[in-house]
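Okay, structure first, notes after.
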Amino acid sequence: MLGCPRGWFFRVVLPSAFLPPPEQRARLLVARPAPRARSQAWGSLKCLLGYLKMEMTEMPSVSLKRGSVAIEDNDIVAPAEEAKRQKVSECCPTTGQDGLEDSSPPSSGKVPGPPETAGQGRKNSEVPSEEEEEEDGLSEEGEEEEEAESFADMMKHGLTELDVGITKFVSSHQGFSGILKERYSDFIVHEIGRDGRISHLSDLSVPVDEEDPSEDVFTVLTAEEKQRLEELQLFKNKETSVAIEVIEDTKEKRTIIHQAIKSLFPGLETKTEDREGKKYIVAYHAAGKKALANPRKHSWPKSRGSYCHFVLYKENKDTMDAINLLSKYLRVKPNIFSYMGTKDKRAITVQEIAVLKITAQRLAHLNKCLMNFKLGNFSYQKNPLKLGELQGNHFTVVLRNITGTDNQVEQAMNSLKEIGFINYYGMQRFGTTAVPTYQVGRAILQNSWAEVMDLILKPRSGAEKGYLVKCREEWAKTKDPAAALRKLPVKRCVEGQLLRGLSKYGMKNIVSAFGIIPRNNRLMYIHSYQSYVWNNMVSKRIDAYGLKPVPGDLVLKGATATFIEEDDVNNYSIHDVVMPLPGFDVIYPKHKISDAYREMLTADNLDIDNMRHKIRDYSLSGAYRKIIIRPQNVSWEVVAYDDPKIPLFNTDVDNLEGKPPPVFASEGKYRALKMDFSLPPSTYATMAIREVLKMDTSIKNQTQLNTAWLR
């Protein structure tokens, strides 16, 4: 196994925090070789242990050294923290929790649904089925060896910053190295709301409302009664009603049971019946299956706003998954939730959410049921939230074990504060596999649908889940969508959706087959291409003209782009200059960068003068984006510490619980840089950190650094 010489064998026992779930664990046997071959065997063991660690965390460990960076916005996690499961106390009845995967670019094999389809995620539990485990290739020794070697080697085929046009820095300071620990708790994101205030979880109390149900509604029903009512609500049995006997026959008791059923199980109505001298409360569906989709409108007080707004604190869950989980526990459809922006998985994030006609009391009850979630700061308001309404995000980031001197750190942070950073689209915009998302987007814009199909489904270099490899191999061999689809235990990935579309519409109607993929995910491909062009053009602009405005540059006056004229240059700074994302409704600079746009699109067989597509969804109107972003509310602190595991700042929950802030020693074994800064929407914290450290943010370089010891 893994090249070990023949010899004695012994079993290796690893701490549970460093192992995948039991269903995925392979038997680990390591050869005990002759002395001269021992180092080879132990090298193989190290390789396997590194693979297990990386498989479980879904990303390699994160070590930032000169020439590489290991940072993805909100995308860092420790092995132990990733292994920690969402635990559910017995206070909330449920059939289990969704095992939704974190969102990734479409080509990675995982599809986050848009807000209106957030509830359509993967329904099976986090532990894969036996079929999926076998399909992952973890049950056969030979395939395990292949997986381990390819994972350590996978990013030989990945993207670098150079591949997507990220080539320039704006500051002159000397870079230094640091480690953004594989702990999501070292990366905290607070949303900046419509009013410009940073969202914090600061109050868990429930607004007083005379018409709210009492706390008794959550305890009056037995677990068995809740189970029967849930099955009735979800149409999981043939019963048309559920009868609950009233043991203490008082009006107050009956009222509490009525309230409990209506509050906990939207869509159910209740009535009281006498049966053989006993009182029963009978629950039944008010309006068939449509009742489940909408909360009970007639029971909501008219004096109260229709939406309950709250602050959601969550750890290691993206927004879509969090809403799916909340809707599951509340037994409502996810589309009654609204929010201003999505937050990625691997971080601690705090954001505002609104939900239609669910009481604050009912929401607050979830605090007793869910770990790594907290809901608070409740208020009733008339309107929902809308995507894009947020003003930005505030980041708190810790870079541990920094090597820079205090003077280097001071220069780097002052440069970030005063000059800013190039507003590149970060590496996560372009996917992490051997087929970048912008290539698919380019093929869509070229109307080359056979190429779109081929790029998504063809075998590719680098490590993927075993079932995706088998699916691609089957497709390459047979071009039979039904046969390839049978290789996928998880059908909701992009590959599965496209294959399902091809099975339905046939190989001659790829456009309709591709249309089965949710619209937001289809558009991510062409937005990725726009981002790819923008990055390249901004690098050319800075290379040609530096960090000063020049005649022919574009600036915004309101929402309208205008040219900077010769006699007007001194009225602007580089922070005013914008560059267009290609489209039919934008203008281009009046200098040689305009020719560069035309040359790049012409080389890609696209007409810059006609960016309208035959299919309306894929017509690009374009947009404008500032080329330099200067963060706001920038502050930093260098602290000394001895224990790499200790948190270096308090979270909102720590503050609510009265936990004292960490105390730092004047001298310590390690030094850390704690950074705070605010960014507008659609900008990448990784690009700000890249500017501070002067490092490459590509996972390819990161993986090569962090797996060098394996080879």
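Since we're looking at a predicted model, the values are computed, not measured.
With hydrogens and angles left out, the side-chain atoms of Asp654 and Thr651 include a donor and acceptor closer than 3.5 Å. At a cut-off of 3.5 Å, with distance as the only test, a side-chain donor of Asn650 or Asn655 sits close to an acceptor on the other residue. For the residue pair Glu315 and Ser185, no side-chain donor N or O sits within less than 3.5 Å of a side-chain acceptor on the partner. Residues Thr683 and Asn423 bring no donor and acceptor atom of their side chains to less than 3.5 Å of each other. Side-chain contact annotation: Ser379 with His309, donor-acceptor N/O pair under 3.5 Å absent. Lys314 and Thr349 share a side-chain donor-acceptor pair at under 3.5 Å.
A salt bridge links Arg197 and Asp195; the closest N-O separation between the charged side-chain nitrogens and carboxylate oxygens is under 4.0 Å. For the pair Asp186 and Arg400, the salt-bridge criterion is met [side-chain N within less than 4.0 Å of a carboxylate O].
Side chains of Arg429 and His527 form a contact here, defined as non-hydrogen atoms less than 4.5 Å apart. Side-chain contact check for Tyr684 versus Gln428: some heavy-atom pair is nearer than 4.5 Å. Residues Phe395 and Ile188 have side chains not in contact (no heavy-atom distance under 4.5 Å, counting atoms from C-beta outward). Between Leu366 and Phe373 the shortest side-chain heavy-atom distance does not fall below 4.5 Å. Using a 4.5 Å cut-off on side-chain heavy atoms (C-beta onward), Leu416 and Met675 make contact. For the pair Pro662 and Ile646, the minimum side-chain heavy-atom distance is 4.5 Å or more. In this structure the side chain of Thr396 reaches within 4.5 angstrom of the side chain of Lys674, judged on heavy atoms. Counting only heavy atoms from C-beta outward, the side chains of Asn521 and Leu523 never approach each other to under 4.5 Å.
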(request) Carefully, step by step, assess Ile348 and Val189 under the rule side-chain contact (heavy atoms from CB on, under 4.5 Å). (result) CA-CA 6 Å; Ile348 293 175; Val189 187; over 6 Å; no
(message) Between Phe649 and Val398, is the side-chain contact (heavy atoms from CB on, under 4.5 Å) condition met? List the steps.
(response) CA-CA 9 Å; Phe649 53 86; Val398 168; 3.1 Å; yes
(message) Is there a side-chain hydrogen bond (donor to acceptor under 3.5 Å, both in side chains) between Asn377 and Ser202? Walk through the geometry before answering.
(response) CA-CA 7 Å; Asn377 299 79; Ser202 57; 3.0 Å; yes
(request) Check the pair Lys343, Asp318 against salt bridge (charged side-chain N to carboxylate O under 4.0 Å, His left out), reporting the backbone distance first and the verdict last. (result) CA-CA 6 Å; Lys343 302 290 178 284; Asp318 69 29; over 6 Å; no
(request) Show the numbers, then the answer: is there a side-chain contact (heavy atoms from CB on, under 4.5 Å) between Asp676 and Val634? (result) CA-CA 6 Å; Asp676 278 274; Val634 178; over 6 Å; no
(request) Assess whether side-chain contact (heavy atoms from CB on, under 4.5 Å) is satisfied between Arg304 and Thr359, documenting all intermediate values. (result) CA-CA 10 Å; Arg304 188 162 67 193; Thr359 64; 3.8 Å; yes
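One finds the CG atom of Leu204 at 7.5 Å from the CZ atom of Phe378 (value rounded to the nearest 0.5 Å). Atom CZ of residue Phe187 and atom CG of residue Leu399 lie 9.5 Å apart, to the nearest 0.5 angstrom. Atom CG of Leu330 is separated from atom CD1 of Ile323 by 11.0 Å, given to the nearest 0.5 angstrom. To the nearest 0.5 Å, atom CD1 of residue Ile281 and atom CD1 of residue Ile257 are 4.0 Å apart. To the nearest 0.5 Å, atoms CD (Glu191) and OG (Ser199) are separated by 5.0 Å. Put simply, CZ on Phe337 and CG on Leu312 are 9.5 Å apart, with the number rounded to the nearest 0.5 Å.
In this view, Ser528 and Phe430, Thr437, Tyr438 satisfy the side chain to side chain contact (heavy atoms under 4.5 Å, CB included) rule, not counting sequence neighbours. Looking at residues two or more places apart in sequence or on another chain, you find a ring-ring contact (aromatic ring centres under 6.0 Å, His included) between His200 and His190.
Gln361 contributes no side-chain N or O that, together with a main-chain N or O of Val206, makes up a donor-acceptor pair within less than 3.5 Å. A donor-acceptor pair is defined here as one N or O able to donate and one able to accept, closer than 3.5 Å; no such pair exists between the side chain of Asn633 and the backbone of His394. Looking at Ser338, its side chain does come within 3.5 Å of a backbone N or O of Leu385 through a donor-acceptor pair. Asn324 places a side-chain N or O within donor-acceptor distance of the main-chain N or O of Met320, the cut-off being under 3.5 Å. Using a distance-only test at 3.5 Å, with no hydrogens or angles considered, no donor-acceptor pair links the side chain of Glu231 to the main chain of Arg228. At distances below 3.5 Å, not a single donor-acceptor pair connects side-chain atoms of Tyr424 with backbone N or O atoms of Ser531. Of the possible donor and acceptor atoms, none in the side chain of Gln391 sits under 3.5 Å from a partner among the backbone N and O of Glu389.
The neighbour count for Lys417 NZ, taken as heavy atoms of other residues, nucleotides or ligands under 6.0 Å away, does not exceed 12.
Of all heavy-atom pairs spanning Leu648 and Phe664, the tightest one is O-CZ, 3.3 Å. The shortest non-hydrogen separation linking Gly420 to Glu691 is O-CG, 3.8 Å. Closest of all the heavy-atom pairs between Ala354 and Pro384 is CB-CA, 4.3 Å. Taking every heavy atom of both residues into account, Lys659 and Pro647 meet most closely at NZ-CG, 4.2 Å. Closest heavy-atom contact between Asp203 and Leu656: N-CD2, 4.1 Å. A pairwise comparison of heavy atoms in Leu201 and Val350 identifies N-CG1, 4.0 Å as the closest pair.
Judged by a 6.0 Å distance limit and a 45° cone about the ring axis, Arg625 is positioned over the six-membered ring of Tyr425. Taking the ring axis of Tyr307 as reference, the NZ or CZ atom of Lys382 does not stay both within 45° of it and closer than 6.0 Å to the ring centre.
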